[in-house]
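One structure below.
Computed over heavy atoms, backbone and side chain alike; hydrogens, waters and symmetry mates excluded. Every chain is numbered from 1 and lettered A, B, ... according to where its sequence line falls, protein lines coming before strand lines.
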There are 2 protein chains.
Amino acid sequence: MASESVTLADVAAQAGVSKMTVSKVINRKPGLKDSTRERVMEVVEQLGYTVHASARALAGGRTETLGVLVPSLYSQYLSEIIRGVDRTALKAGMELLISTTRRSSGPRNTGRLAQGLVDGLLIVLPDPLALDESTLRSLPLPVVIIAPNTEEADDLPMFPTVDADHYTGARLAMDHLLSLGHRRIGLISRSGRMSHSLKRVSGYREGLLTAGIPLDPELEVEGDFTQKAGFDAARTLLNLRVPPTAIFAVNDVSAFGAIEAIKDHGLRVPEDISVIGFDDIPQASQVYPPLTTIRQPLLEMGAAGTRLLLALIQGVEAVTDRLIVPTELIVRSSTGPLAARPINPGTPPM
Amino acid sequence: MASESVTLADVAAQAGVSKMTVSKVINRKPGLKDSTRERVMEVVEQLGYTVHASARALAGGRTETLGVLVPSLYSQYLSEIIRGVDRTALKAGMELLISTTRRSSGPRNTGRLAQGLVDGLLIVLPDPLALDESTLRSLPLPVVIIAPNTEEADDLPMFPTVDADHYTGARLAMDHLLSLGHRRIGLISRSGRMSHSLKRVSGYREGLLTAGIPLDPELEVEGDFTQKAGFDAARTLLNLRVPPTAIFAVNDVSAFGAIEAIKDHGLRVPEDISVIGFDDIPQASQVYPPLTTIRQPLLEMGAAGTRLLLALIQGVEAVTDRLIVPTELIVRSSTGPLAARPINPGTPPM
DNA sequence: CTGAAAGCGCTTACAG
DNA sequence: CTGAAAGCGCTTACAG
C-alpha cells in the first residue's frame with residue numbers, strides 16, 4: 001500500500017531546478033519566472049508530491065495548522081464549536097488537527113498537539129479545569145480558551161478566553177415567558193457548580209425578582225443536563241400542588257425531557273404548559289413541537305476564538321482577553337401565551 | 001505565553017550526557033545504567049521536556065500516533081466510533097489525531113494526516129466514497145476503512161474494511177416484532193442509495209416474506225434519517241386505512257420522530273403501537289419510552305479497525321480484509337405484544 | 001531570478 | 001554501557 005513518498009529533492013531533480021526553487025513554488029513565494037513555476041508545478045502534479053508536514057514544521061516553524069483540544073467528541077455542543085473553528089481556519093488557509101484530552105495519556109495530556117505540530121492551540125473547556133494549571137502554563141505556543149466554564153476564569157490570566165453571555169440569555173428567556181403572561185415559572189437547573197448553569201439560574205431568579213415575583217424554592221428543581229433528569233424534574237414540577245404554567249430548562253436536552261413528561265402527564269405543549277430551553281442545539285428545531293430556546297452562538301464562539309488565535313500567531317496584540325459573545329432568543333413552538341383556563345380543574349385561575 | 005521549548009540537547013547538557021543517551025531514556029531503550037536513566041529523568045522532569053513530535057517523525061519514522069479521518073464531527077455515530085478507536089489506541093500507547101475531510105481544503109483532502117504525522121490512518125466513511133479513489137490510492141501509509149457505506153466496497157480492494165452486519169440486524173428487528181405477534185409492520189426507510197439503509201430494508205422485506213407475510217408497498221415510507229422525516233413518515237403510516245401495529249425505523253433518530261407522531265396522534269407506545277429503531281445511539285436509552293433498537297456496535301467497530309491498523313503498521317498480515325461485526329437486539333420499552341383490541345374502534349381485529 | 005549551505009530536533013546504525 | 005556522525009525533508013538567510 002505505502003507508495004514511496006516523493007520528496008522535494010525528487011521534484012527538483014525531475015524539474016531540473018534546485019530544491020529551493022521547488023520550495024518557493026510550493027509556498028507561493030514571489031521572485032520566480034512564471035515558466036519555472038509552471039514547469040515545477042507540472043512535475044509536482046505528475047509525481048503527486050505533497051509536503052512532509054513534519055519536515056516543514058521542523059525547518060520553518062510554520063505548520064499552517066491549528067490544533068483543537070477537546071475533552072471528548074461526545075457532544076453536539078463541542079462539534080458545533082469545532083465547526084465554527086473549522087470554517088474560520090479554512091478561510092485563513094489553515095488545516096485543523098483535533099485531539100482529545102485523555103485520562104491516562106502521556107505527559108501533559110495535550111496529546112501531540114503541543115509538540116510542534118501546530119502553530120496555535122484552541123482549548124475547548126466545558127468542564128471546570130479539565131487540564132491542570134501547570135499543564136496550561138507550560139504550553140509553548142499561542143493558546144486561546146473557548147467557553148471556560150469556571151467561576152475562576154481569572155485563574156487563567158495567561159490566555160484569552162471566549163464565552164457566551166449566559167446570564168443575559170437566561171434573562172431573555174424569562175422576559176419571553178413573562179411577556180407571554182406567565183407568572184408561575186418552573187426551573188430545571190443543573191446540580192454542581194458549573195458556572196454556565198449558575199449564571200443561567202441567576203438570570204432566572206433576577207428575571208422573576210425584576211418582574212416583582214417572589215422566588216418559590218419549590219419551583220427550582222435540579223437536573224443534570226440529561227433528558228432523563230429533565231423528565232424527572234418536570235414530573236416533580238407537574239405534581240406540585242400548584243404546578244407552573246411554564247418551565248425554563250437550563251439546557252435543551254433537559255427541555256426535551258420536560259416535554260416528554262408533560263405529554264406523558266396528558267398535557268400539551270405549549271397550550272397547557274410552555275417550555276423554553278437553552279443552547280439551541282441542532283435537534284431543538286427537529287423535535288415536536290420545535291423548541292423555543294436561547295441560542296448559544298457556538299459557531300460564532302468557535303469562529304471568534306479562531307480569529308483571536310490567528311491574530312496571536314501573527315503577533316498582533318489581542319483586542320480583548322475576555323470575549324463575551326451575545327446569546328439570542330429563538331422563538332419556536334414550545335412556548336405560548338398563558339392559558340385563560342386553569343390547568344387543574346378546581347385550581348383557581350391565578 | 002510561549003515559554004521557550006526545551007530540546008534534547010538542553011537535557012543532555014544539563015545531565016552531562018550525550019543526546020543519544022537522553023534519546024534512549026526517553027524511548028525506554030535497553031542498555032543503560034539505572035543511575036544514568038534516573039539522572040536523565042530528573043532533568044527531564046525539572047526542565048519540563050517533551051519530545052518534538054515533528055523532529056521525531058522526521059528522524060525515526062515512528063510517530064506513535066494514529067490518524068482518524070472523518071467527514072465531520074457532527075454525528076454521535078461518528079463520535080462513538082472514534083471513542084472505540086481512542087480506547088484501543090490508548091491501550092496500545094498511541095496518540096490520536098483527528099481531522100475532517102473538508103470540501104475546499106488543500107491537495108488530497110486528507111488534511112495533514114497523510115503527510116508524515118501519523119503511523120497509520122483510519123478512515124471513517126459513512127457517506128459513499130467521500131474521498132475519490134485516486135486520493136485513496138496515493139496514500140503513503142497503512143490505511144483501514146471503517147463502515148464503508150457503499151455497495152461497491154469491492155472498489156476499494158486496496159484497504160481492509162470494517163462494517164456492521166446491517167442485514168442480519170434488520171432481520172433481528174423483524175423477528176422481535178413478529179415474535180410479539182405483529183403482522184402488519186410499517187417501515188420508515190431512507191431515500192437514496194446508501195447501502196446501510198438498503199441492507200436494512202432487505203432485512204425488513206425478507207423478514208416479512210420468511211414469516212409468510214406478503215409485502216405491502218403502502219407500509220414502506222421513505223424518510224431521510226432525521227427526526228422530522230420520521231415524524232412525517234409515521235403520520236403517513238398512522239393515517240393509513242389499516243395502520244400498522246408496529247413500526248421499524250431504519251435508524252434511531254427516525255424512530256424518535258415516529259414516537260412523537262404516535263403520541264401526537266393520541267396513541268401510546270408500546271401499548272397501541274410498537275416502535276423499533278436501529279443504531280442504538282446513546283440517546284436511545286434516554287428518551288421516553290426507552291427505545292428498543294438494534295445495536296450497531298460502533299465502539300467495537302472502531303476498536304476492531306484500530307487493531308487491524310495496528311497489525312498493519314507492525315507489518316503483520318491482516319487476518320481478514322472484510323471484517324463484519326455482528327449487530328444485536330436491545331429490548332427496551334418501545335415494543336410490546338400486539339394488543340388484543342383494535343387500534344381504531346370500528347376496525348375489525350386482525 | 002536562482003542556488004549552495006546551514007540547521008530545525010530528533011533517531012539510527014556504527015564505534016568504542 | 002555510552003557517544004560522535006550522518007541524515008530525515010524541509011526552510012531560512014545569504015550570495016550571486
Rounding to a whole Å, what distance do you find between [X]:[atom1] and [N]:[atom2]?
X: A/Asn27; N: D/dT12; atom1: CG; atom2: C1'; answer: 11 Å
X: B/Leu117; N: D/dC10; atom1: CG; atom2: C1'; answer: 14 Å
X: A/Ile26; N: D/dT12; atom1: CD1; atom2: C1'; answer: 17 Å
X: A/Glu64; N: D/dC10; atom1: CD; atom2: C1'; answer: 13 Å
X: A/Lys24; N: D/dC10; atom1: NZ; atom2: P; answer: 17 Å
X: A/Leu8; N: D/dC8; atom1: CG; atom2: P; answer: 13 Å
X: B/Met20; N: D/dT2; atom1: CE; atom2: P; answer: 11 Å

Determine, stepwise, if the pair A/Glu80 / A/Arg83 fulfils salt bridge (charged side-chain N to carboxylate O under 4.0 Å, His left out). CA-CA 5 Å; A/Glu80 188 75 6; A/Arg83 281 220 302 175; 3.7 Å; yes
Do B/Leu310 and B/Leu66 have side-chain heavy atoms sitting under 4.5 Å apart?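 Touching, per the 4.5 Å side-chain cut-off.
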Quick one, A/Ile123 and A/Phe159 - any side-chain contact, counting heavy atoms below 4.5 Å?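 They are not in contact (no side-chain heavy atoms under 4.5 Å apart), so the answer is no.
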Can you check whether [X] has a side-chain N or O nearer than 4.0 Å to OP1 or OP2 of [N]?
X: A/Thr7; N: D/dG9; value: no
X: B/Ser23; N: C/dT11; value: yes
X: A/Thr21; N: C/dT2; value: no
X: B/Lys29; N: C/dT12; value: yes

Main-chain N/O of B/Asp119 paired to B/Thr63 side chain as donor or acceptor, under 3.5 Å: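 Looks like yes, one N/O pair under 3.5 Å.
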Tell me which of B/Leu32 and B/Ala55 sits closer to the 5' end of DNA chain D, going by the nucleotide each one is nearest to.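 That would be B/Leu32.
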Between A/Arg37 and A/Lys19, which residue's closest nucleotide on DNA chain C lies nearer the 5′ terminus?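 Looking at DNA chain C, the more 5' nearest nucleotide goes with A/Arg37.
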If you check every side-chain atom of B/His52, which of C/dC8, C/dC1, C/dC10 has the closest atom?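 Of the candidates, C/dC10 comes closest.
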Is there a Watson-Crick or G-U wobble partner for D/dA4 with both distances under 3.5 Å, and if so, which one is it?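 Partner of D/dA4: none found under 3.5 Å.
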Searching all strands shown, indicate the nucleotide that pairs with C/dA13 (Watson-Crick or G-U wobble; both distances under 3.5 Å).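 By the stated definition (distances under 3.5 Å), nothing pairs with C/dA13.
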Looking for any heavy atom pair under 4.0 Å, which part of the strands does A/Thr36 touch: base, sugar-phosphate only, or nothing?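 Result for A/Thr36 = sugar-phosphate.
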Applying the side chain to side chain contact (heavy atoms under 4.5 Å, CB included) test to B/Thr36, which of B/Val25, B/Val22, B/Thr21 qualifies?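 Option passing the side chain to side chain contact (heavy atoms under 4.5 Å, CB included) with B/Thr36: B/Thr21.
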